[in-house]
Structure formats: structure tokens, C-alpha cells
A.B. asks: 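Here you go, one structure.
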Amino acid sequence: GNSVTQMEGPVTLSEEAFLTINCTYTATGYPSLFWYVQYPGEGLQLLLKATKADDKGSNKGFEATYRKETTSFHLEKGSVQVSDSAVYFCALSSSGGSYIPTFGRGTSLIVHP
Amino acid sequence: KAGVTQTPRYLIKTRGQQVTLSCSPISGHRSVSWYQQTPGQGLQFLFEYFSETQRNKGNFPGRFSGRQFSNSRSEMNVSTLELGDSALYLCASRFVPGQEQETQYFGPGTRLLVL
């Protein structure tokens, strides 16, 4: 079946540091890939997505590239802010057949001033 | 456009009781999915409804059920509550199912505590 593996958290960074959160996946076919962010006490918000190999999704300074050869979709940001502190989820939805999205376990990011 | 709304936001029940949660999708969205989020298991897909029919189902016992109304609003019911059902229940809507790259929009969730 499909699966998504994210790096364990929490990830603790100082403001303006470079961020990478690793995400790898296992899926049949050609899934679409997503990053969601969840702020404390809230639901998930879509951060960015990519629907085919080599696509780069980007939003609010975050970006991730769909790498089919390495089955990865790592999230990066060049300079994090305190307001980026949240939990980040990598997810996929498989192509064809049933729509049953698969989420990673989430990675908590803590940014210190 | 108003976002996905869920009611109630917080709920406390005791073991053995049943609970009904409600979700109103974004106007025009026809698909509603439900998820359970717990610290131990993460975010798990419960089921998806479209046109008042359950289209997809995750791996949850029959105590978890749902329905969708003609206006696309959806309810989720959990019967015979267990302590392990304590979780944040999220619903998400999207416009047209079957398009896997389509974005889901999540509500703020209902936090259920079972005592």
C-alpha cells in the first residue's frame, strides 16, 4: 500500500536559518504530493503541491520538488521565521482507483527568535 | 467564500455513549472526507462522501459511520465510544472527487474527549 515517511521532529531552528524537512513516499502509479501545515489549535492548511515528476510547488517562501527517481518531496525554506512554528505534514493521493489520501506522521518545527 | 466549518469544536463524552459531529463544506464543494488525528496514530482517513454516497473508506470499525445530505453537509457518528476514540476529528472538502491532484480544504476540527 501507499506510505509516507517524514523525518522525526521536533526540528528546532533559530530565526533566519535554512529549513529542510525530508519526506519520502511509496506509491503505485503517479501520485500527487502535498505539504500541509497545522498551526496550534487549527486544522490543516495546504502549503504547496506538485502533481507530476519534476514539478516544484512553492508558497510563502517554502518549496518542494517532486523527485520520482528518489521518491522524495522534501520541504525547504531559505530563512525561517518564528511564525513558521507549526506541524508540517507530507501527503500523497494516489492516481486512479480509490481516493484514500496518505499522510506522514507530521514534523514539528520550532523557530526561536 | 466561507471555509469549511465544523461543529461542535469541543466535546466531552463518556465511554459507551455515542456522538455526532457535523461538517459544512465550502459552498459548491461536493465531496467531504473525514479524518481522525491522534498523537499515536497521526492523521488517518475515515471515509469520503459524495452525492450522499460513501465513496471510499479507511480502516476503521463499523462504530464509525457517516452520511451526507443533499446540500453536501456531512455528519459523522461514533457509537459505543471508547477511550481510544479521543482525538481531533477533521473534515475536508473538495469540489470534484476523482481528481487526485485536487486540493482538499480542511476545517478546524472537533476535539473529542472520551472519559
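Reminder, nothing fancy here: chain letters follow the sequence lines and each chain counts from 1. No hydrogens, no waters, no symmetry mates; every other heavy atom, side chains included, goes into these values.
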A.B. asks: In chain order, what residues pass the ring pair (Phe, Tyr, Trp, His ring centres under 6.0 Å) check against A:Phe62, with sequence neighbours excluded?
C.D. replies: A:Tyr88
A.B. asks: Is it the case that more than 12 heavy atoms not belonging to A:Lys52 sit under 6.0 Å from its NZ atom?
C.D. replies: no
A.B. asks: Using a 3.5 Å distance criterion without hydrogens, assess whether the side chain of A:Arg105 forms a donor-acceptor pair with backbone atoms of B:Gly40.
C.D. replies: yes
A.B. asks: Take a 6.0 Å sphere around CD of B:Gln54 and say whether it holds more than 12 heavy atoms from other residues, nucleotides or ligands.
C.D. replies: yes
A.B. asks: Does A:Leu19 belong to the same Ile/Leu/Val/Met/Phe/Trp/Tyr cluster as A:Tyr39, with side-chain heavy atoms less than 4.5 Å apart forming each link?
C.D. replies: yes
A.B. asks: Should B:Tyr89 and B:Tyr105 be regarded as members of a common hydrophobic cluster, given that ILVMFWY residues are connected when their side-chain heavy atoms come within less than 4.5 Å of each other, either directly or indirectly?
C.D. replies: no
A.B. asks: Identify the two heavy atoms, one from B:Gln104 and one from A:Pro101, that lie closest to each other, and give their separation to 0.1 Å.
C.D. replies: NE2-CG, 4.0 Å
A.B. asks: Just wondering, more than 12 heavy atoms not from B:Asn71 lying within 6.0 Å of its CG?
C.D. replies: yes
A.B. asks: Does any heavy atom of chain B fall under 4.5 Å from the side chain of A:Leu46, the backbone, both, or neither of them?
C.D. replies: side chain
A.B. asks: Please look at B:Leu90 and chain A and tell me whether the side chain, the backbone, both or neither of the residue comes under 4.5 angstrom of a heavy atom of that chain.
C.D. replies: side chain
A.B. asks: Could you grab the distance from atom CD of B:Gln37 to atom CZ of A:Phe89, nearest 0.5 Å is fine?
C.D. replies: 4.5 Å
A.B. asks: Check whether A:Tyr66 and A:Met7 end up in the same hydrophobic cluster, where Ile, Leu, Val, Met, Phe, Trp and Tyr are linked by side-chain heavy atoms less than 4.5 Å apart.
C.D. replies: yes
A.B. asks: Looking only at the aromatic ring of each residue, does the gap between the centers of A:Tyr36 and B:Phe106 stay below 6.0 angstrom?
C.D. replies: yes
A.B. asks: With only heavy atoms counted, which part of B:Arg9 is less than 4.5 Å from chain A, the side chain, the backbone, both or neither?
C.D. replies: side chain
A.B. asks: Counting heavy atoms not belonging to B:Arg73, are there more than 12 under 6.0 Å from its CZ?
C.D. replies: yes
A.B. asks: Distance from B:Phe45 atom CZ to A:Phe103 atom CZ, nearest 0.5 Å?
C.D. replies: 10.0 Å
A.B. asks: Do any of residues 74-84 of chain B come closer than 4.5 Å to chain A, heavy atom to heavy atom, and if so which ones, in number order?
C.D. replies: none
A.B. asks: How about CZ on B:Arg63, more than 12 heavy atoms from neighbouring residues, nucleotides or ligands closer than 6.0 Å, or not?
C.D. replies: yes
A.B. asks: For A:Gln38, is it the side chain, the backbone, both, or neither that has a heavy atom closer than 4.5 Å to a heavy atom of chain B?
C.D. replies: side chain
A.B. asks: Take a 6.0 Å sphere around CD of B:Gln17 and say whether it holds more than 12 heavy atoms from other residues, nucleotides or ligands.
C.D. replies: yes
